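Please read the structure below before turning to the comments.
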Amino acid sequence: MKFIIVSDIHGNLNNTLKLLQEYKKLKADKLILLGDILYHGPRNPLPESYNTQAVFELLKKYKDKIIWIKGNCDSEVDEMVLEIKSLKEKKLKHAGYQLYLSHGHHFDPYNYEPLFKQIFLFGHYHLPLLEKTKDGIKANPGSIGLPKNNLKASFIYLDEKKIVLKD
């Protein structure tokens, strides 16, 4: 199975379009959204090309391919317009690993140590991270909507053989 993992879209239409092009190009099976899909949040500036209506219309076309972890800026209305049920967290088995999916705002993921053969995926901080630990992998795809520290928009590609941070 091939996954595209993204976080913190925050209603950015241009980067959502680019992400979906990559999804098709890489022939991914699932799109994992680690939260903060539509709303930009009260502390954030409006993203360039902010268009929540266009973003949700695009993503609705992939609703059967999406696993959505609820972020701190996501709401019940977002679930209604996206027609997708969000989850607080999720565990999946993949290629001999246990994937643990979280937005990351309920605890300090930087101090979380992945368990044996676990890939811990989280968002929220808008900073990309791909780190091998003693027993697993810790990864944050960064943000495609509001990347911090003048970084490029980024996401993670995961298949049976590799995990790659892409911008």
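In this text, all values refer to a predicted model and were calculated from it rather than measured experimentally.
- One hydrophobic cluster, built from ILVMFWY side chains closer than 4.5 Å, cannot hold both L101 and I66; they sit in different ones.
- In terms of heavy-atom proximity, Y110 sits nearest to K138 at O-NZ, 2.9 Å.
- Across all non-hydrogen atoms, the minimal contact from D74 to D78 is CA-OD2, 3.3 Å.
- Scanning both residues, L121 and I5, for their nearest heavy atoms gives CD1-CD1, 4.0 Å.
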If you apply the rule side-chain contact (heavy atoms from CB on, under 4.5 Å), what do you find for I84 with K60, and how did you get there? CA-CA 8 Å; I84 306 167; K60 271 179 25 177; over 6 Å; no
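- Between V81 and T52, the closest side-chain pair of non-hydrogen atoms is not below 4.5 Å.
- N140 contributes a side-chain N or O that, together with a main-chain N or O of G123, makes up a donor-acceptor pair within less than 3.5 Å.
- Atom NZ of residue K117 and atom CD of residue Q98 lie 12.0 Å apart, to the nearest 0.5 angstrom.
- The number of heavy atoms from other shown groups lying within 6.0 Å of NZ (K65) does not exceed 12.
- Taking a 6.0 Å sphere around CD of E48, one finds it holds 12 or fewer heavy atoms contributed by other residues, nucleotides or ligands.
- Under a hydrophobic clustering in which Ile, Leu, Val, Met, Phe, Trp and Tyr are joined whenever their side-chain heavy atoms come within less than 4.5 Å, directly or via other members, L31 and I144 fall into the same cluster.
- When every heavy atom of L146 is checked against every heavy atom of P45, the shortest pair comes out as CD2-O, 3.8 Å.
- The shortest side-chain heavy-atom distance between K63 and L82 does not fall under the 4.5 Å cut-off.
- Between Y157 and I4, the closest side-chain pair of non-hydrogen atoms falls below 4.5 Å.
- Closest non-hydrogen pair, G104 versus Y125, comes out as O-OH, 3.5 Å.
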side-chain contact (heavy atoms from CB on, under 4.5 Å), that's the test. Do K70 and H103 meet it? Break it down for me. CA-CA 7 Å; K70 190 173 189 170; H103 182 61; over 6 Å; no
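- By the neighbour-count criterion of 12 heavy atoms within 6.0 Å, atom CD of Q53 is sparsely surrounded, having that number or fewer from other residues, nucleotides or ligands.
- Summarising the geometry, atom CG belonging to D8 is positioned 13.5 Å from atom NE2 belonging to H40; distances are rounded to the nearest 0.5 Å.
- Residues F155 and L17 fall within the same hydrophobic cluster, defined by Ile, Leu, Val, Met, Phe, Trp and Tyr side chains chained together at heavy-atom separations under 4.5 Å.
- D159 places no side-chain N or O within 3.5 Å of a backbone atom of K2 that could act as its donor or acceptor partner.
- Separating the CD1 atom in I137 from the CD1 atom in I163 is a distance of 5.5 Å, to the nearest 0.5 Å.
- Atom CG of N44 and atom NZ of K148 lie 7.0 Å apart (nearest 0.5 Å).
- Hydrophobic clustering, with ILVMFWY side chains joined whenever heavy atoms are under 4.5 angstrom apart, keeps L26 apart from I119.
- Contact of the L151 side chain with the D167 side chain is not registered, since no non-hydrogen atoms from C-beta on lie closer than 4.5 Å.
- Between P147 and G145, the shortest heavy-atom contact is CD-C, 3.6 Å.
- No side-chain donor-acceptor contact under 3.5 Å links S154 to the backbone of P128.
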Stepwise, does the side-chain contact (heavy atoms from CB on, under 4.5 Å) test hold for H106 with E89? CA-CA 10 Å; H106 291 295; E89 63 184 16; over 6 Å; no
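- A distance of 11.5 Å separates OG of S102 from CG of L87, quoted to the nearest 0.5 Å.
- Looking only at atom types and distance, the side chain of H10 has no donor-acceptor partner in the side chain of N12 under 3.5 Å away.
- Looking only at side-chain heavy atoms (C-beta outward), E113 and T133 come within less than 4.5 Å of each other.
- Less than 6.0 angstrom separates the ring centroid of Y62 from the ring centroid of Y23.
- Ring-plane geometry between Y100 and F120 is classed as parallel, the angle between the planes falling under 30 degrees on a 0 to 90 degree scale with a further cut at 60.
- I37 is listed as a side-chain neighbour of I9, based on a closest heavy-atom distance under 4.5 Å.
- Hydrophobic cluster membership differs between I156 and L20, with clusters built from Ile, Leu, Val, Met, Phe, Trp and Tyr side chains linked at under 4.5 angstrom.
- Here CZ of R43 is found 6.5 Å from CG of N72. Values are rounded to the nearest 0.5 Å.
- Few gaps surround CZ on F107; more than 12 heavy atoms of other groups in view lie less than 6.0 Å from it.
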Evaluate the criterion side-chain contact (heavy atoms from CB on, under 4.5 Å) for residue pair F3 and L99; output intermediate values, then yes/no. CA-CA 11 Å; F3 297 98; L99 302 183; 4.3 Å; yes
